[in-house]
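Here is how names work: the chains are called A, B, and so on, in the same order as the sequence lines, proteins then strands, and each is numbered from 1.
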Number of protein chains: 2
Amino acid sequence: MAGKPTIDDVARIAQVSRQTVSNVVNSPEIVRPETRARVEDAIGQLGYRPHASARRLRSQKSSTIGIRLAAMGDGISGSVLDRFLHALTEGAYARGMRVLLFTADDDAGEIEQIERLRDDRDADAFVLTSTSHSDLRTRWLLDQGIPFVTFGRPWAADDMGDPMHHWVDVDGRAGLRAAAEHLIATGARRVAYLGWPSPSATGDDRRRGWADAMSSRGASESELASLSIEAEEDVTAARVAVAEFLDRRPDVDAIATASDSLALGALIATTALGRTDVAITGFDNTPVAAAVGLTSVEQRLGMVADGVLELLMGVSGRDISMREPRPGEAHRLVTPELVVRGSGGGERPVPVVDPM
Amino acid sequence: MAGKPTIDDVARIAQVSRQTVSNVVNSPEIVRPETRARVEDAIGQLGYRPHASARRLRSQKSSTIGIRLAAMGDGISGSVLDRFLHALTEGAYARGMRVLLFTADDDAGEIEQIERLRDDRDADAFVLTSTSHSDLRTRWLLDQGIPFVTFGRPWAADDMGDPMHHWVDVDGRAGLRAAAEHLIATGARRVAYLGWPSPSATGDDRRRGWADAMSSRGASESELASLSIEAEEDVTAARVAVAEFLDRRPDVDAIATASDSLALGALIATTALGRTDVAITGFDNTPVAAAVGLTSVEQRLGMVADGVLELLMGVSGRDISMREPRPGEAHRLVTPELVVRGSGGGERPVPVVDPM
DNA sequence: CATTTCGCTTTGATCGTTCAAATCAGAATG
DNA sequence: CATTCTGATTTGAACGATCAAAGCGAAATG
């Protein structure tokens, strides 16, 4: 009476047993309608809510997904993780799950934390981000039989066909193809590509998208090579690289880039050179892109989050229920969306970076 | 035997009772050393870890802090929340707490979620961010008697003296004073201020810091007014405002700004105008600032997080233990730190934004 | 020597729920 | 009409820990 109402309080008021109340809460369909109504009434009247820990103890499920909050030295794109986290949390709540945060300095530390959370039964599934080829973590999780999904492909020989583990990823290739095609469609004659130094699994894939668009317009391999710019994921590095490049190749009138950071560097370089005719596209659709009016590729993180939850819990399940990954059912490749803004080419409706 | 070991398994191996094992885990000092050793041995041998939910059920404590992951339309500065979250999570784990995420579209929605999490006993304390004057949420939380700390002052008449509730904040005024003084020290003769339209609690406070520095150099009120630029938290808006301003006041050779977004706008404007002699400082020390080499005010979010946990749990406590806020013990005002980079003034060691 | 004190350990109850099996009333079956 | 079946509800036993109080042996006290 003093504290929060328990299931017994509800049972007493509704003149039924504990278990019936439990049934009304967990599987209403097996309770006779009138009984159900009576119980629901009592629940509403008392403001009863099940004690999550009691339920978790008994059912041996934590209904919690653990995810590492990376230290984000990733520059601007850190906000991608942020938005993904937001979408994941929202989706998780809709399915009766919670999202628990943890931190770690490196992958080994992450494994340690996951082990702890698993042993404490604080989380029963995990989501990994920024996976690399032959990732320590995925191997370990598979060995342990811990349910997990990665946001990011394993980038193994045959990602789609050979389901080592469950993953969701964004089709960067399609994204860059769209960006390049948009630049061409809005009047660009020579579209360069600004990406990260190869080899870079994600980067090479994005470059392929640009190459797709260019090839279908008749560009040769050597032309593609001569239109490629490389820079580390860093605004300054990108600025320097683009300035140098435009000096050699003033005929280039558009640049599709692999990230908003690179794009920002390109934007600063072209502005400084007075080359405001050069159209630029970014990737990630970060707040910075929105802020400076940059056309960018949006990853649709809501769909990514949905995909993750679907792989973890089934299409509409409310429990972690992961099977062996089966071909065709273990992956989701989300097609991104091009968000067109002023600096993306053509008429430049809002002249964003030229002097007033 | 099949599943994870329980406290009873440990007890059996160590030839002691359940409770003794519990004591070894929770208050080792009351157990006789040899007994303790035996139990610890058994724990290690079995790899025993207490079942978090069982513990929470019995002790009626969730040992969990809830925090809303804002949708971050805040532009670049979204990363501040991110870094704070990281620091908070790290600190929380060190004190045996977990951090649970939730989302909401607005403050009313946040209240709803908090109520749920409280009722489900999923979290027993909350951290609020970006509080406004006369905040719906703080009022409600106080009424409900739910432990919480805000990151951000209430901005009431006398924040420091009158402890309505527990809060931690960064001393933006001191930050901008330091920035302005740095600009002056490195050779600037006329330092303008670029901030958000008044009234803005945070913004006005930061402006005051700049004004402090200027006044002590003998600037009059009217001079200060003529050196103030206003723009919304938006790169483009800032760029436009700064371009206009520099047209009127070409004598200005430095700009202290209230945020990295504004600073980026200023940077783009000065670059475009060829005024690379104008030194600029930002606020928040976001990845963007680092990327473009911008001197910026670092909020020291680790200290903020520590302050939050201290107010919630006491100096070294491992439990939520909040009293009535008492004068002098209910607040923490963290002094930020100026991170000096190339574009911050003076010699411009690394010419970041001029054409190559 | 009986008694109190002290330090450590054990015992029994309990936290609030779900599981598994038992019960029960009424309908359907032969 | 006795019997089986069926759907809805109840009962007793966990889940794995901590709390509160009791127990116990050795040392201290009168």
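- Distance A:Arg12 CZ to C:dG16 P: 12 Å, rounded to the nearest Å.
- Distances from the side chain of A:Arg18 to the nucleotides D:dA13, C:dA20, C:dG16 place D:dA13 closest.
- For the pair A:Arg49 and B:Asp122, the salt-bridge criterion is not met [side-chain N within less than 4.0 Å of a carboxylate O].
- Taking 4.0 angstrom as the limit, B:Ser17 places a side-chain polar atom (N or O) nearer than this to OP1 or OP2 of C:dT10.
- Taking 4.0 Å as the cut-off between side-chain N and carboxylate O, B:Lys61 and B:Asp319 count as a salt-bridged pair.
- Taking five base pairs at each end of the helix from C:dC1-D:dG30 to C:dG30-D:dC1, the local helix axes there meet at an angle of 60°, rounded to 10°.
- Atom CZ of A:Arg121 is separated from atom C1' of D:dG16 by 8 Å (rounded to the nearest Å).
- Remark: A:Leu85 CG to B:Asp82 CG distance equals 8.0 Å, nearest 0.5 Å.
- With salt bridges taken as basic N to acidic carboxylate O contacts below 4.0 Å, one links B:Asp9 and B:Arg12.
- Judged purely by distance below 3.5 Å, without hydrogens or angles, the side chains of B:Asn26 and B:Ser22 pair a donor atom with an acceptor atom.
- No option in B:Arg332, B:Arg95, B:His166 other than B:Arg332 meets the side-chain hydrogen bond (donor to acceptor under 3.5 Å, both in side chains) test with B:Glu310.
- For C:dT9, neither phosphate oxygen OP1 nor OP2 lies less than 4.0 angstrom from any side-chain nitrogen or oxygen of B:Thr20.
- Atoms CD (B:Gln19) and P (D:dG23) sit 16 Å apart, rounded to a whole Å.
- What separates CZ of A:Arg36 from C1' of D:dT9 is a distance of 15 Å, to the nearest Å.
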Query raised in the report: After noting the C-alpha distance and the side-chain angles of A:Thr103 and A:Arg68, does the key distance pass the side-chain contact (heavy atoms from CB on, under 4.5 Å) rule?
Result: CA-CA 5 Å; A:Thr103 63; A:Arg68 168 181 174 194; 5.7 Å; no
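- A straight line from CZ of A:Arg32 to P of C:dA27 spans 12 Å, rounded to a whole angstrom.
- Within residues 46-65 of chain B, the residues approached by DNA chain D to less than 4.0 Å at the level of any non-hydrogen atom are B:Tyr48, B:Arg49, B:Pro50, B:His51, B:Ala54, B:Arg55, B:Leu57, B:Arg58, in residue-number order.
- Applying the side chain to side chain donor-acceptor pair (under 3.5 Å) rule to B:Arg300 yields no partners; only residues at least two apart in sequence or on another chain are considered.
- The heavy-atom pair separating B:Glu110 from B:Ala104 by the smallest distance is N-CB, 3.4 Å.
- Listed pair B:Asn26 / D:dT18 meets the phosphate criterion, a side-chain N or O lying under 4.0 Å from OP1 or OP2.
- Rounded to whole angstrom, the span from the CD atom of A:Glu34 across to the C1' atom of C:dA25 amounts to 14 Å.
- Straight-line distance from the CD1 atom of B:Ile7 to the P atom of C:dT11: 14 Å, rounded to whole Å.
- The distance from atom CG of B:Asp122 to atom C1' of C:dG16 is 14 Å, rounded to the nearest whole Å.
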